[in-house]
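Notes follow the structure.
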2 protein chains.
Amino acid sequence: MKSVTVYDIAKEANVSVATVSRVLNNTAPVKASTRERIQGLINKYQFQPNALARSLIKKETGMIGIILPDITNPFFPEVLAGLEQEARKQGYTFFLCDTGSSNLDIKEQYKRESQYLNILLEKQVDGIIMLGGRIDLHKCPKEMAKEVAEINKRVPLVFINGNLPGAKFHRVVIDEVAGGRMVTEHLIGLGHRDIAFIGGYPQMSNTVGRLEGFRAAMADAGLTVHEDWIDHGGFSVQRGKNMMGRLLDMEGDRPTAVVCANDLVGIGAIKAAVKAGLQVPRDISITGVDGVPLAASVIPELTTMSLRCLELGRSAAFVMHQLISKSADVNLLTTLTPELTIRESTAPPPSRK
Amino acid sequence: MKSVTVYDIAKEANVSVATVSRVLNNTAPVKASTRERIQGLINKYQFQPNALARSLIKKETGMIGIILPDITNPFFPEVLAGLEQEARKQGYTFFLCDTGSSNLDIKEQYKRESQYLNILLEKQVDGIIMLGGRIDLHKCPKEMAKEVAEINKRVPLVFINGNLPGAKFHRVVIDEVAGGRMVTEHLIGLGHRDIAFIGGYPQMSNTVGRLEGFRAAMADAGLTVHEDWIDHGGFSVQRGKNMMGRLLDMEGDRPTAVVCANDLVGIGAIKAAVKAGLQVPRDISITGVDGVPLAASVIPELTTMSLRCLELGRSAAFVMHQLISKSADVNLLTTLTPELTIRESTAPPPSRK
DNA sequence: GTGAAAGCGCTAACAG
DNA sequence: CTGTTAGCGCTTTCAC
């Protein structure tokens, strides 16, 4: 099972390893006849140069590490697809590190992030892209931020939709505030005045941003926000159901529209509403945020803010490539504007008696 | 930006590199005092041993390559999560190769598979796991199968839900025929006699298997299958809509139940049915296959055959680990039985006049 | 316990 | 055009 090396090829071709290396990388002219002889042997033995040895000396591996919290959340595969599309052209390959947060306590998750960060460093990846986890924290503990800052000194680092205090990082982000604002304005434009906001976590910056946009839109329209109608508690369908259920169970007036922190919560909210005997959007309008394909698959199809996942991925790959190839003036911050996608889950409020 | 090496540590600690290596791997006893001195320096410089150099000599990288056709299809992240869960314990990390088939012509996809296979070999991964693509073909062209057989000689290879002619491969599969049969029997048990089957591709073995199970269940119940009601054409929500639309537009009798080749098609079918003014399951029952979380998110929730994606992933990781650690008697074939998940999209047929 | 030295498989000067 | 040689950073005999 001994694998063949440049030496084996060289010997059989009666040349030196240098020449073999030359045809492999065509890094210098080689006489046509010897080149063909060597190429023939390469094919004959299906010779594959050992990338480890090559990377060891060239100090580049063509590998990009990706750290994300949960591949099972459809947002991430979507971003990943964008990353792959762009990075493949440049010849990069991906190291996928899923911290598997979905069934983990939060501290364990951050520990895994640290572990993976170190593993990626040891594997000599050319760059690391982070999504979710600690970079999503509205206020990240100093120690955890510092660790990442240290790593940023050793290898190119790009954040997608996140940030960390205490240092400057390269980031590709969607404008969360604009997203929250636009979706709320859509509802207000439809005639809604009593609007709730559910989902997410108050300690996460995406939630904070979306909520801030929501408040801004309400304020601009001269509407007051019912603090009772603001609820947090997660990003899953199940959590969406729970929060919506709670909202519907409340005494007194009901909102005529609900802004959900993401699509999964939006879907859960629709389910809870339907279960409570309401019709969406006739009785209540519901919106999501993310724009994952899933949102177009439910009935009624979810009106949402597309976070343009694919482009987010592509942009990040682009920034990473610039960083790796040491281009001058790489933008520290790339901001994308989300896109309102109006579908079937929103309509004017039921007319009041 | 020069990174520190064992030599730097050794010099400053006044020991040889061998000793540093010993404390790094504790591969031999080292005097407590020198060990501490060295450990101190390691911490001080945040020294990370270069995994490339290490792998070069140890001939193992702890990396497993994964080749899959489309990370955007929720089936794959689910399997991936299972893989990760199991493989993390063993200290493996993943190389993700998405051939991005969703927006590719089919030939291009196979070419990418070949490319990735080669890249993974060069990167010296300890093993390769394949999902989808050519291993899903009912009849894979000889050349394409042979290429994979060659690779199987050089590095451990595991297929998830697939196979290739001309050689023996290690495989972890779900019993597709049983799946098709069980879901059909569920419908028959409910009283359905007029059942359609839509989705998938006739050249793919999963479709062939599911359809075979469908036919077997029908035959066992003494029911005849309407060949007109068997339609193929893909695995996406959109395709499901199209196929279901076609079915509903047909002259003559209508089926009272539809077995869909996967969950996405099932969701598309529900959408088409609802759009046509039918109620699911009152007027028509619809089932899926896959058991992705999404299937539980739609309204009505989709009755489906769970392919037990997580376990599929875990089993594959387990088999791979055995292969890598050269355990004796690794099972060539691991078969899981799918699980019927009854939800809301199936009910007895409407009573006839 | 510890050090010297020989590679792992490849690339990159530097000579010819 | 081509060969010689010195490493990349680490592990691992084999001595001491």
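A note on names: the letters A, B, ... follow the listed sequences, proteins ahead of strands, and every chain is numbered from 1. Hydrogens, waters and symmetry mates play no part in the numbers below; they use all other heavy atoms, side chains included. Quick caveat: nothing in here was measured; it's all calculated off a predicted structure.
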For A/Y45 and C/dG9, give me the distance from atom OH to atom P, rounded to whole Å. 16 Å

Is there a side-chain contact between A/E147 and A/S114, using heavy atoms and a 4.5 Å cut-off? yes

State, to the nearest 10°, the angle formed by the axis through the first five base pairs of the helix from C/dG1-D/dC16 to C/dG16-D/dC1 and the axis through its last five. 40°

Just wondering, do A/N152 and A/F169 contact through their side chains at under 4.5 Å, heavy atoms? yes

Do A/R134 side-chain atoms and A/C140 backbone N/O form a donor-acceptor pair below 3.5 Å? no

Rounded distance in Å - CG (A/L56) to P (D/dG7): 14 Å

Any side chain to side chain donor-acceptor pair (under 3.5 Å) pairs touching residues 319-331 of chain A, not counting sequence neighbours? A/Y92-A/H321

Residue pairs, two or more places apart or on separate chains, that pass salt bridge (Lys or Arg N to Asp or Glu O under 4.0 Å) and touch residues 78-89 of chain A: A/E84-A/R88, A/E86-A/K89

Applying salt bridge (Lys or Arg N to Asp or Glu O under 4.0 Å) to B/E12 and not counting sequence neighbours gives B/K44

Spacing between B/K123 atom NZ and C/dC10 atom C1', to the nearest angstrom: 14 Å

Separation of A/E122 atom CD from D/dC8 atom C1', in whole Å? 17 Å

Taking CG from A/N26 and P from C/dC10, how many angstroms apart are they, rounded to a whole number? 17 Å

A correct 5'-to-3' footprint of nucleotides 11-16 of chain D, with B, S and - meaning base, sugar-phosphate only and no protein heavy atom under 4.0 Å, is BBB---

When rounded to the nearest 0.5 angstrom, what distance separates CD1 in B/I67 from CD1 in B/I119? 9.0 Å

Those residues of residues 30-39 of chain A lying under 4.0 Å from DNA chain C by at least one heavy atom: none

Does a nitrogen or oxygen in the side chain of B/K59 sit under 4.0 Å from OP1 or OP2 of C/dG9? yes

At under 4.0 Å between heavy atoms, what does B/D8 touch on the DNA or RNA strands: base, sugar-phosphate, or nothing? nothing

Determine, step by step, whether B/F95 and A/F95 satisfy the ring-ring contact (aromatic ring centres under 6.0 Å, His included) criterion, reporting the C-alpha distance in whole Å, the side-chain angles of both residues, the deciding distance to 0.1 Å, and the verdict. CA-CA 5 Å; B/F95 239 113; A/F95 238 113; 4.9 Å; yes

I want to confirm an ordering. Mapping A/L52 and B/N14 to their closest nucleotides on DNA chain C, which one lands closer to the 5' end? B/N14

Whether the B/N50 and A/E122 side chains hold a donor-acceptor pair (N or O, under 3.5 Å, no angle test) is what I'd like checked. no

Phosphate contact (C/dG9 OP1 or OP2) by A/T5 side-chain N/O below 4.0 Å: no

Starting from P on C/dT2, measure out to NZ on B/K11 and report it in whole angstrom. 20 Å

Pairing donors with acceptors under 3.5 angstrom, does anything connect the side chains of A/R54 and A/N25? yes

Side chains of B/L310 and B/V79 in contact at under 4.5 Å (non-hydrogen atoms): no

